[in-house]
Amino acid sequence: PLYTARAERFPVGGRSRTLRHRAGAHTFFGDIDPGTDTAIFQDAKGSNSNVYLADLATAGAPTSAPPAGINTPRWEWGPEISDAFILFGRNRFARPSSPWKVVLYDRTLRTFTVLDEVENRCGCIWPEDVNERYVAWTKCVARCNVFVYDTLDQSTRKVDNPDRQQYAASVSEEGLVYFVRSGNTCGGNAQIRVWDVMAGGTATTLVYDYPVGSNLAWALDVVDGVV
């Protein structure tokens with residue numbers, strides 16, 4: 001069976017679209033271009049994975065290629081989109097030292113910035129969220145940490161971590177970074193917490209404390225200030 005990305009207009013029961021560029025490809029939903037009916041998604045077939053756009057306003061959700069340079073013979077995946085940027089991962093698998101990268105594309109300047117990378121032997125980096133100013137991703141070297149890039153001053157910050165696992169980041173336009181913090185075992189006191197980029201410092205605020213035994217997988221989304 002194929003993994004299939006779908007987009008549905010709310011309320012539930014509204015128009016539903018299947019997202020697929022190539023017949024026989026596995027597809028994974030990415031994001032919606034703000035203020036439009038255009039979705040971005042991953043389309044993976046065989047040893048190739050690329051990113052495509054889909055017109056949700058048209059029957060059949062016809063697809064189109066993203067800006068030149070985003071898709072390559074490598075493995076592009078995990079796309080997120082804002083008015084100003086497209087965030088995605090780009091992986092190579094040839095050798096243990098081959099890079100897995102988190103890449104930011106500027107839709108105005110048409111430029112690419114590699115924000116972070118790990119080696120294929122680790123396979124432990126995930127692009128997660130982008131808006132008009134901030135970008136968030138998770139990297140798990142020794143333990144999982146959340147990172148935030150500010151496109152205004154081109155700085156990268158790591159959310160303070162008291163020796164826990166931190167992942168599944170989503171960042172608001174105001175610079176509030178929501179993420180999961182948990183212990184090192186399954187059911188290890190999972191929490192949703194928030195960190196204010198603008199305030200800085202190391203303090204984070206508890207948003208929700210899950211019952212002991214709960215597990216949280218990827219990912220969080222902030223929509224109009226709601227997680």
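For this chain, numbers begin at 1 and follow the sequence in order.
The residue from Y3, F41, Y52, W77 that alone fulfils the ring pair (Phe, Tyr, Trp, His ring centres under 6.0 Å) condition with F28 is Y3. With respect to T138, the side-chain contact (heavy atoms from CB on, under 4.5 Å) criterion is satisfied by exactly one of V146, V180, V102: V146. Looking at N48, T63, T27 one by one, the single match for side-chain contact (heavy atoms from CB on, under 4.5 Å) with R22 turns out to be N48.
Remark: the backbone N or O of W195 is not paired with any side-chain donor or acceptor of T204 at under 3.5 angstrom. Remark: the backbone N or O of C144 is paired with a side-chain donor or acceptor of Q165 at under 3.5 angstrom. Not a single donor-acceptor pair under 3.5 Å links the side chain of N145 to the backbone N or O of C140. At least one donor-acceptor pair under 3.5 Å links the side chain of D43 to the backbone N or O of H21.
The same ILVMFWY cluster, assembled from side-chain heavy atoms under 4.5 Å apart, contains both I70 and I81. Cluster annotation: F112 is connected to I86 through the hydrophobic network of ILVMFWY side chains, with a link wherever side-chain heavy atoms come within less than 4.5 Å. Cluster membership for V141 and W126, using ILVMFWY side-chain heavy atoms within less than 4.5 angstrom, is shared. Both I125 and F85 are members of a single hydrophobic cluster when ILVMFWY side chains are connected at heavy-atom separations under 4.5 Å.
Ion pairing of D116 with K139 is present here, as a side-chain N (NZ or NE/NH1/NH2) and a carboxylate O approach within less than 4.0 Å. Under a 4.0 Å N-O distance rule, the pair R107/D33 qualifies as a salt bridge.
Residue K45 qualifies as enclosed at atom NZ: its count of foreign heavy atoms under 6.0 Å is above 12.
Under the 6.0 Å cut-off for aromatic ring centres, Y210 and Y208 qualify, their centroids lying closer than that.
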Chi angles and distances behind the side chain to side chain donor-acceptor pair (under 3.5 Å) call for E119, S98
CA-CA 5 Å; E119 293 184 339; S98 295; over 6 Å; no
Step by step, would you call N161 with R143 a side-chain contact (heavy atoms from CB on, under 4.5 Å)?
CA-CA 10 Å; N161 187 345; R143 66 181 59 254; 3.8 Å; yes
Under the criterion side chain to side chain donor-acceptor pair (under 3.5 Å), I'd like the reasoning laid out for S170 against D129: C-alpha separation, chi angles, the key distance, then a yes or no.
CA-CA 5 Å; S170 187; D129 199 17; 3.0 Å; yes
